[in-house]
Amino acid sequence: MRNNVHIKALFPTAIMALIMCCIQFFGPLNFWLEWYVQPKTMGNYCEVQALEAIFREPISSWSNLIYWYLGWWILLDTKSKTPTNFLFNNKGYIWYWGLLYLFMGTSSWFFHASVSSIALAFDMSGVYISFLLPLILNAHRFSNYSRGNPIRKSVLSMVSLILTSIIIGGSLGYWEDSFNAIPALLIGLTINVVLFIYIERKWTTHANHRYLWMSIVLILGATFSWCVDKFRVLCDPAGWIHGHAAWHILMSIAAFQLYLYYKSEGEND
């Protein structure tokens, strides 16, 4: 029987959407009134901020549902067509990836709904940890290929790398007091690209490179959307479409394409 995880993932996503509807329509106005808001978070993106509402940036808040949908997709996608796959021989990464998506969706909603300082710390922690995910996966793969066993199971390596990324990403998010993440994220992206290229050129991974190229194209599209929104190149503050919401959608799908890339590794062995 076909494993329709994309259908199954709709149900918990629909429950979250219902909860968000209840919060938006029945939540008390000015709920965030006493929460500390940093000056730099005011008007940082194009979308107009309704400071008297429970969702201060509604479009950017609702766009985070994509994280919930893809997170549940990954959590429910635990079967592999081949035993020679790195990801499915180290399933802890799959559960971690799915839970990280759920955390990203919740923390990003928390920030865009409240625009508060504490919410920014959670949101940016999720961003930093997410950008560290390909790095720890590539580091583990690099170790496996160097030892001549691409699918080697190592709970110690996996847990150590996951905890390290959470500690580093969480610490960076805690120290985040504005929106200064771009230099760190560019460095992380560069390191990831170098590792991807090195691993692919030195060893044959048999992964489907279409997913990798799709991820790169989507990341570039997401970056463009973020820039035109941030610098008001394309900006309708009261409109229904916003570049930062597009950033959420495109980046989440880009990371999912990376998941499919890792999932395809070894399928042609």
Side-chain angles (χ1 to χ4, degrees), residues 13 16-17 20-21 23-24 27 32 35-71 100-131 133 169 172-173 176-186 188-189 214-258:
T13 307
M16 184 59 183
M20 290 175 66
C21 282
I23 293 173
Q24 181 168 3
W32 311 110
W35 293 58
Y36 174 67
V37 175
Q38 298 179 37
K40 289 185 178 180
T41 62
M42 301 301 295
N44 188 68
Y45 298 116
C46 171
E47 185 176 3
V48 63
Q49 292 175 335
L51 298 181
E52 74 286 353
I54 192 69
F55 282 16
R56 288 177 164 177
E57 295 177 351
I59 306 301
S60 292
S61 296
W62 277 97
S63 63
N64 287 294
L65 273 177
I66 187 70
Y67 290 109
W68 272 79
Y69 175 65
L70 295 176
L100 181 56
Y101 256 99
L102 300 187
F103 176 79
M104 276 294 299
T106 304
S107 61
S108 184
W109 168 84
F110 182 26
F111 170 68
H112 289 287
S114 69
V115 201
S116 64
S117 179
I118 183 64
L120 177 62
F122 280 101
D123 186 20
M124 293 310 301
S125 293
V127 172
Y128 284 121
I129 294 171
S130 296
F131 268 74
L133 177 56
L172 290 172
E176 181 74 60
D177 60 355
S178 58
F179 296 90
N180 299 318
I182 297 302
L185 297 182
L186 286 176
L189 184 60
M214 280 294 297
S215 178
I216 293 172
V217 170
L218 288 166
I219 289 172
L220 292 175
T223 303
F224 174 79
S225 298
W226 187 91
C227 288
V228 298
D229 184 86
K230 169 69 175 177
F231 300 107
R232 308 299 196 271
V233 177
L234 297 173
C235 178
D236 180 8
W240 288 90
I241 300 175
H242 293 281
H244 193 73
W247 155 270
H248 290 161
I249 294 169
L250 293 174
M251 281 301 294
S252 63
I253 299 176
F256 186 72
Q257 293 298 309
L258 278 185

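- Shown are Ser252, Ser107, Ser130; of these, the side chain to side chain contact (heavy atoms under 4.5 Å, CB included) with Tyr67 is made only by Ser252.
- Looking at heavy atoms from C-beta onward, Asp229 lies out of side-chain contact with Leu234 at the 4.5 angstrom threshold.
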Determine whether Val37 and Met42 satisfy the following criterion, side-chain contact (heavy atoms from CB on, under 4.5 Å), listing intermediate values before the conclusion.
CA-CA 8 Å; Val37 175; Met42 301 301 295; 3.4 Å; yes
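- With values rounded to the nearest 0.5 angstrom, Ser61 atom OG is found 6.0 Å from Met20 atom CE.
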Side-chain donor/acceptor pairs under 3.5 Å, residues 48-55, sequence neighbours excluded:
from  : atom 1 : to    : atom 2 : distance (Å)
Gln49 : OE1    : Gly43 : N      : 3.2
Gln49 : NE2    : Thr41 : O      : 2.9
Gln49 : NE2    : Glu57 : OE2    : 2.8

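- Taking CD1 of Ile66 as the start and OG of Ser108 as the end, the distance is 12.5 Å to the nearest 0.5 Å.
- Classified by interplanar angle (parallel below 30°, tilted 30° to 60°, perpendicular above 60°), the ring pair Phe110/Phe122 is tilted.
- Trp109 has its side chain out of reach of Met16: every pair of non-hydrogen atoms, C-beta onward, lies at least 4.5 Å apart.
- Taking both residues in full, the closest heavy atoms of Ser125 and Gly173 are given as OG-CA, 3.3 Å, listed atom of the first, atom of the second, then distance.
- The CH2 atom of Trp32 sits 6.5 Å away from the OG atom of Ser116 when rounded to the nearest 0.5 Å.
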May I have the step-by-step check of side-chain contact (heavy atoms from CB on, under 4.5 Å) for Val127 and Met104, ending in yes or no?
CA-CA 7 Å; Val127 172; Met104 276 294 299; 4.2 Å; yes
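- Side chain of Tyr101 to main chain of Phe256: a donor-acceptor pair is present (N/O by atom type, distance under 3.5 Å, no hydrogens or angles).
- Applying the 6.0 Å contact sphere to CZ of Phe224 captures no more than 12 heavy atoms from other residues, nucleotides or ligands.
- The two residues Ser114 and Ala119 come nearest to each other via the heavy atoms OG-CB, 3.4 Å.
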Could you check Trp68 against Thr106 for side-chain contact (heavy atoms from CB on, under 4.5 Å), going step by step and ending with a plain yes or no?
CA-CA 8 Å; Trp68 272 79; Thr106 304; 3.4 Å; yes
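- Taking CE from Met214 and CG from Leu258, the interatomic distance works out to 11.5 Å, rounded to the nearest 0.5 Å.
- To the nearest 0.5 Å, atom CG of residue Leu120 and atom CG of residue Asn44 are 9.0 Å apart.
- Once rounded to the nearest 0.5 Å, the distance linking SG of Cys46 with CD1 of Ile59 reads 11.0 Å.
- Ring planes of His248 and His112: perpendicular class, angle over 60° (limits at 30 and 60°).
- A 4.5 Å side-chain heavy-atom check between Thr223 and Ile219 finds at least one atom pair inside the cut-off.
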Using the side-chain contact (heavy atoms from CB on, under 4.5 Å) rule, take Ser225 and Leu250 through it: C-alpha gap first, then chi angles, then the decisive distance, then the call.
CA-CA 9 Å; Ser225 298; Leu250 293 174; 3.7 Å; yes
